[in-house]
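Since we're looking at a predicted model, the values are computed, not measured. Just so you know, these numbers use all the heavy atoms, side chains as well, and skip hydrogens, waters and symmetry mates.
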Amino acid sequence: MTNWEFARLEYRAAGTLGSDRFMDWTATFHHPGGVLRWGTDERFDDLRHLNRAGAAGWQAYDRAAMHVHNEPHRLSSVTYSMRRPVP
């Protein structure tokens, strides 16, 4: 039987003011050891952060996207649920 530890990677629109407020994305990694802020990207490019988590042994098993109601149909956040076996 495998015991797992769980984490999540939150990738959100930074919400800065201006015409490109949905273009800057902030990555935050929540894991049993605490919260890590992995920086802000100029555009939606979560592959770099998913690869970083994968290199540490994390597996993404679920993805949830959120849109803002009463706004133009734009993606505002993506949350990846992750797990890895406990050594």
Side-chain angles (χ1 to χ4, degrees):
M1 182 168 157
T2 303
N3 290 324
W4 298 94
E5 61 182 345
F6 295 90
R8 74 179 185 272
L9 173 61
E10 291 181 353
Y11 205 61
R12 301 181 170 272
T16 56
L17 297 175
S19 61
D20 68 341
R21 68 182 184 151
F22 293 105
M23 300 299 287
D24 295 335
W25 289 79
T26 302
T28 307
F29 189 69
H30 302 266
H31 63 102
V35 177
L36 300 173
R37 301 213 182 338
W38 281 0
T40 302
D41 295 328
E42 293 284 325
R43 60 174 192 237
F44 186 89
D45 185 17
D46 58 349
L47 190 57
R48 178 172 60 107
H49 303 292
L50 289 170
N51 286 337
R52 181 177 176 180
W58 293 99
Q59 304 169 4
Y61 68 90
D62 191 25
R63 177 180 185 254
M66 187 178 88
H67 300 276
V68 177
H69 298 285
N70 299 324
E71 290 284 329
H73 193 69
R74 293 183 179 160
L75 189 63
S76 66
S77 73
V78 179
T79 301
Y80 296 92
S81 298
M82 308 189 118
R83 68 181 183 184
R84 72 177 173 187
V86 175

Would you call [X] and [Y] a side-chain contact if the rule is heavy atoms closer than 4.5 Å?
{"X": "F29", "Y": "M82", "value": "yes"}
{"X": "W4", "Y": "Q59", "value": "yes"}
{"X": "T28", "Y": "V35", "value": "yes"}

ask   = Are R83 and E5 within salt-bridge range, i.e. N to O under 4.0 Å?
value = no

Say you draw a straight line from [atom1] of [X] to [atom2] of [Y]; how long is it, rounded to the nearest 0.5 Å?
{"X": "T79", "Y": "R12", "atom1": "OG1", "atom2": "CZ", "value": "5.5 Å"}
{"X": "E10", "Y": "R37", "atom1": "CD", "atom2": "CZ", "value": "9.5 Å"}
{"X": "R84", "Y": "T2", "atom1": "CZ", "atom2": "OG1", "value": "14.5 Å"}
{"X": "D46", "Y": "W25", "atom1": "CG", "atom2": "CH2", "value": "8.5 Å"}

inquiry  = Can you classify the ring geometry of Y11 versus H49 as parallel (below 30°), tilted (30 to 60°) or perpendicular (above 60°)?
reply    = tilted

inquiry  = What verdict does the side chain to side chain contact (heavy atoms under 4.5 Å, CB included) test give for W58 and L9, after you've listed the backbone C-alpha separation in whole Å, the side-chain angles of each residue and the deciding distance to 0.1 Å?
reply    = CA-CA 10 Å; W58 293 99; L9 173 61; over 6 Å; no

ask   = Where do R8 and Y80 land on the side chain to side chain contact (heavy atoms under 4.5 Å, CB included) test, with the steps shown first?
value = CA-CA 5 Å; R8 74 179 185 272; Y80 296 92; over 6 Å; no

inquiry  = Pair M66, V78 - check side chain to side chain contact (heavy atoms under 4.5 Å, CB included), show working.
reply    = CA-CA 6 Å; M66 187 178 88; V78 179; over 6 Å; no

